[in-house]
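In the text below, chain A, chain B and the rest are named by the order of the sequence lines, each starting its count at 1. Everything numeric here is computed off the predicted structure, so don't read it as measured data. Below, all heavy atoms of this structure are taken into account, side chains as well, without hydrogens, waters or symmetry copies.
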Amino acid sequence: MSTASATLSTAAPADHRAAVSLVEKCRLATELRQIHGRIIKSDILSHPLVASRFVSAFSLSEGNSLPDCLLLYSQMMASLGNRQGLGFSLPSLLKSCGKASALEEGRQIHAQVLKSHLREDPFVSNSILRMYLEMGEVEVALKVFDKMFNRDVISWNSMISGCFKSGKIDLACRMFDEMPHKDIVSVNSMVDGLMKHVGCDFARELFEKNRDKSDVVTWTSMVSGYTLNGHPKEALKLFREMLRSGVDPDVAAIVNGLSAIADLGFAEEGRWIHAMLHRSSTSLNSGILASALIDMYSKCGLIGDACSVFRSISSRRRIVDWNSMLSGLALHGLGRETLDLFNEMLRMDVNPDEVTFLAILSACSHSGLVDEGQHYFKIMHEEFNISPRIKHYGCMIDLFGRAGLLENATRIIDEMPVEPDSMIWKSLLSSCIKHGYVAIGEAAAMKALELAPLDSSCYVLLSNLYANAGKWSNVAKIRAVMKARKVRKNPGCSSVMIGGSIHEFFVGKEMGTTCREVVRAKLEEVIGRLKMEGYRADLNQVIVDVDEEEKEGLLVVHSEKMAIAFGLASIDEGAPIRVMKNLRVCGDCHSFSKLVSRVYNQEIILRDQNRFHHFKGGTCSCNDYW
DNA sequence: ATAGGGTTAG
C-alpha cells in the first residue's frame with residue numbers, strides 16, 4: 001500500500017498547505033483524482049500553489065496523465081481569479097505535453113501564451129522551448145529560441161541537451177561555443193552529450209579543461225559515459241576519485257558506480273558501497289537504488305544477496321525492482337524461479353512492462369522452456385497489450401534456435417514487422433553452429449556481415465561454423481578476409497578473484513613470470529588428471545586462436561582455463577572460484593570446468609558474456625544448454 | 001514552477 005492511499009481515508013485537507021503536502025505524497029493519478037474531487041468545491045483549489053502542484057503531480061505521476069493536466073488548465077483558464085496559478089502551472093503542463101508528444105495541444109497552449117502577459121515569463125517561455133525539444137521538433141525550437149527576447153542560460157542549456165538528444169551534434173557544439181555565459185549545467189550537458197554521441201576522449205578533454213571538480217553531476221556523467229562506452233574500469237576509477245576528492249555522492253552517482261561495478265563483477269567493492277549506504281541510513285526505497293543493488297549483486301554472481309535486497313524492500317515494490325530481480329534470476333539460468341516470481345508479481349497486481357517480458361523470454365530461452373516462452377510471448381501482446389520489439393523477437397529466435405527448432409526461428413525472422421539487425425542474424429547463426437546447419441548459418445552470417453562488416457564476432461562465428469563442419473579451407477578464407485579488412489578478433493580475457501583482488505588473464509599476452517609458471521604448472525597437472533578421467537581437448541573450439549600459436553613463450557589456451565588453473569593453485573579451501581570472461585565460454589572450456597568441479601571437488605562460478613555457469617560436482621547449472 | 005547525471009534487456 002502506498003503512502004497516499006493510507007492518508008486518503010482521512011477527511012479533505014483543511015487548508016492549502018495540507019493540500020500541497022497531500023498532493024506531494026501521491027504516486028498514482030487515481031489518488032490525485034480523489035483528492036482533487038474532494039476539494040473541487042472549496043476555494044483551496046484556486047490557490048495558485050495548489051493548482052500548480054496538481055498539474056505537476058499529474059504530469060509526474062505514473063503514466064503522465066496529460067488529460068488531467070489539460071482539464072485543470074481549462075478550469076484555471078475559466079476562473080479569472082487564478083492568473084497566478086496559471087503561471088505556475090504552465091511549466092508542468094508544457095512538460096506533460098512534451099512527454100506525451102502532444103504536439104497539437106502544445107501548439108495551442110503556445111499560441112494562447114503568446115496572446116497573454118505570460119509570454120514575458122522566462123519560466124513559461126523556457127518550458128515552451130523545452131517542450132518542442134522533448135518532442136524532437138528541433139526546427140520549431142530553433143525558431144522559438146531565435147525569437148526569444150528573454151533568452152537566458154537555461155534556454156541555451158536546453159538547446160544544447162535537446163540538440164544532442166535529436167542527434168544534431170554539430171548544432172549542440174556550436175551552441176555551446178557561441179553562448180555568452182556558460183554555467184556548470186552547460187558543461188555537464190556537453191560532457192554527457194559528447195559521451196553519448198561523440199566519444200569518451202572528447203568528453204574527457206572538456207572534463208579536464210573544466211577546473212571546477214566539485215559538482216557531483218559532472219562526475220556522474222563521466223562515470224556513466226565510460227560505462228556506456230564499454231570502459232567500466234575507467235568509470236570505477238573516476239568514481240573512486242570522486243569519493244576521494246570529497247564530493248558527496250547522491251543516488252544517481254551511487255547508481256552509476258554500482259553499474260560500473262556490476263559490469264566488472266567486483267563483488268567486494270559492491271558490498272562496500274552497500275555497507276556505506278547502510279551506515280548512512282540511506283533508504284533503498286527511494287529511486288532506483290534497490291534495483292541497482294539487485295542488478296549489481298546478480299551480475300557479481302551473488303544471486304542470494306540480490307534476493308535479500310529484493311525481499312528487504314519494505315514499501316510497495318515497483319516495476320524496476322521486479323525487473324532487476326527477474327533479469328538476475330534469468331542471468332543465473334534459474335528459469336523456473338523467474339517464472340514463479342513473475343506469477344507472484346502478477347498476483348500483487350504489478351503491471352509488467354516490455355523489460356519484464358525480455359527477462360521472462362530470456363529466462364525461458366536460457367532454460368530451454370520452449371512452450372512457456374511461446375506462451376508468454378503470446379500473452380505479452382494479447383493480455384498485456386505490449387507489442388514485441390526487436391529484442392523480444394531476438395529472444396524468441398534464441399529460444400527456438402537453441403532448442404534446435406530452426407524452422408520456427410527462421411519463421412520469426414520472416415514474419416517480424418521490423419527489419420532484422422545483425423544481432424538477430426548472429427543469434428540464428430549461433431544456433432546453426434550448435435546444431436550443425438551449415439547452409440542456413442552461412443546465409444545468416446552473410447546478412448550479419450552486410451549489416452556489421454567491422455564486427456569481429458560475425459567472422460568468428462562463421463569461422464566456428466566451418467570449423468565444426470570440418471571445412472578448413474573456408475576457415476582459412478575467413479581469416480584472410482579478416483586480415484584484409486583489418487578486423488581483429490576481440491581478445492579473450494578472464495579474471496579471477498582471489499582474496500579480494502582481481503587477477504586478469506589474456507590469450508596470447510605476456511604475464512608476470514611467477515604467475516605464468518604457476519599457471520603453466522597447474523594447467524599441466526590438471527589436464528593430465530582430467531585426461532585420465534576421459535577428457536579430450538576439443539580442438540575445433542580452439543581453432544580461432546591459432547594465430548597466437550606462433551608467439552613463443554605464451555600460453556595458448558583460452559583465458560578461462562588459465563584463470564581456473566590460477567584459482568585452483570591459489571584459492572582458499574572450500575571457497576568457490578569466481579571467474580569472469582568477456583566472451584562466451586566455448587564447449588571445450590565448459591567440459592573442462594565441469595570435470596574440474598568433480599575431480600578437484602571445487603565449485604566454479606563463471607560469468608561469460610551471456611550468463612552465469614555454476615559448476616559443481618561435475619555438472620553445470622545451465623544443464624549444458626547455453 | 002524552466003536547463004545537467006540514474007537500474008532493468010542484448
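- Taking the ring axis of A:Phe164 as reference, the NZ or CZ atom of A:Lys196 does not stay both within 45° of it and closer than 6.0 Å to the ring centre.
- Between A:Trp156 and A:Phe145, the ring centre distance stays below 6.0 Å.
- Distance A:Asp152 CG to B:dA1 P: 17 Å, rounded to the nearest Å.
- Whole-Å rounding puts the A:Glu120 CD to B:dA1 P distance at 22 Å.
- The phosphate of B:dG10 has neither OP1 nor OP2 within less than 4.0 Å of any side-chain N or O from A:Lys426.
- Nearest to the side-chain atoms of A:Ser362 among the listed nucleotides B:dT7, B:dT8, B:dG10 stands B:dG10.
- Taking the side chain of A:Asp183 as heavy atoms from C-beta on, and the options B:dG6, B:dT7, B:dA3, the nearest nucleotide is B:dA3.
- Across all strands shown, A:Asp250 has heavy atoms under 4.0 Å from base atoms, whether or not it also approaches the sugar-phosphate.
- The aromatic ring centres of A:Phe123 and A:Phe88 sit 6.0 Å or more apart.
- One can place CD1 of A:Ile261 at 13 Å from P of B:dT8, the figure rounded to the nearest angstrom.
- Look at A:Lys237 and A:Glu241 and you find no salt bridge, because none of the NZ, NE, NH1 or NH2 atoms lies under 4.0 Å from a carboxylate O.
- Closest contact between the side chain of A:Val355 and the listed nucleotides B:dT7, B:dT8, B:dG5 involves B:dT8.
- Distance, A:Ile128 CD1 to B:dA3 P: 14 Å, rounded to whole Å.
- Checking each of A:Glu137, A:His110, A:Lys143, A:Arg107 against A:Tyr132 for a side-chain hydrogen bond (donor to acceptor under 3.5 Å, both in side chains) leaves exactly one that passes, namely A:His110.
- Of the candidate nucleotides B:dA1, B:dA3, B:dG6, B:dA1 has the atom lying nearest to any side-chain atom of A:Asp121.
- Distances from the side chain of A:Leu358 to the nucleotides B:dA1, B:dA9, B:dG6 place B:dA9 closest.
- Here the P atom of nucleotide B:dT8 and the CG atom of A:Leu284 are 17 Å apart, to the nearest Å.
- In this structure, A:Ala253 reaches the bases: a heavy-atom distance under 4.0 Å links it to at least one base atom across the strands shown.
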message = If you apply the rule side-chain contact (heavy atoms from CB on, under 4.5 Å), what do you find for A:Thr227 with A:Ser224, and how did you get there?
response = CA-CA 5 Å; A:Thr227 307; A:Ser224 137; 5.9 Å; no

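- Atom CD1 of A:Ile313 is separated from atom C1' of B:dT8 by 12 Å (rounded to the nearest Å).
- The side chain of A:Asn256 lies closest to B:dG6, out of B:dG6, B:dG10, B:dT8.
- Remark: A:Lys182 is not in phosphate contact with B:dA3, judged by side-chain N or O atoms under 4.0 Å from OP1 or OP2.
- A close approach under 4.0 Å does occur between a side-chain nitrogen or oxygen of A:Ser224 and OP1 or OP2 of B:dG6.
- Taking the six-membered ring for Trp and thresholds of 30 and 60 degrees, A:Phe357 and A:Phe384 have ring planes inclined between 30 and 60 degrees apart.
- The side chain of A:Lys95 places no N or O atom within less than 4.0 Å of a non-bridging phosphate oxygen (OP1 or OP2) of B:dA1.
- Nearest to the side-chain atoms of A:Val255 among the listed nucleotides B:dG6, B:dT2, B:dA1 stands B:dG6.
- Of all nucleotides listed (B:dT8, B:dG6, B:dT2), B:dT2 comes nearest to the side chain of A:Phe123.
- For A:Ser324 against B:dT8, a side-chain-to-base donor-acceptor contact under 3.5 Å is absent.
- The CD1-P distance, from A:Ile303 to B:dT8, rounds to 14 Å in whole Å.
- At the phosphate of B:dT2, neither OP1 nor OP2 sits under 4.0 Å from any side-chain N or O atom of A:Ser155.
- For A:Ser221 against B:dG5, a side-chain-to-base donor-acceptor contact under 3.5 Å is absent.
- Evaluation of atom-type donor-acceptor distances gives no pair under 3.5 Å for the side chain of A:Asp295 against the base of B:dT7.
- Checked by distance alone, A:Asn610 brings no side-chain donor or acceptor within 3.5 Å of a matching partner on the base of B:dG10.
- Across all strands, A:Val191 comes closer than 4.0 Å to no nucleic acid atom at all (heavy-atom distances).
- Following rounding to the nearest Å, A:His392 (NE2) and B:dG10 (P) show an atom-to-atom distance of 10 Å.
- Side-chain proximity of A:Ser161 to B:dG10, B:dA3, B:dG5: nearest is B:dA3.
- Looking at heavy-atom distances under 4.0 Å, A:Asp215 makes contact with a base.
- Distances were taken from every side-chain heavy atom of A:Val217 (C-beta onward) to each of B:dG6, B:dT8, B:dG5; the shortest belongs to B:dG5.
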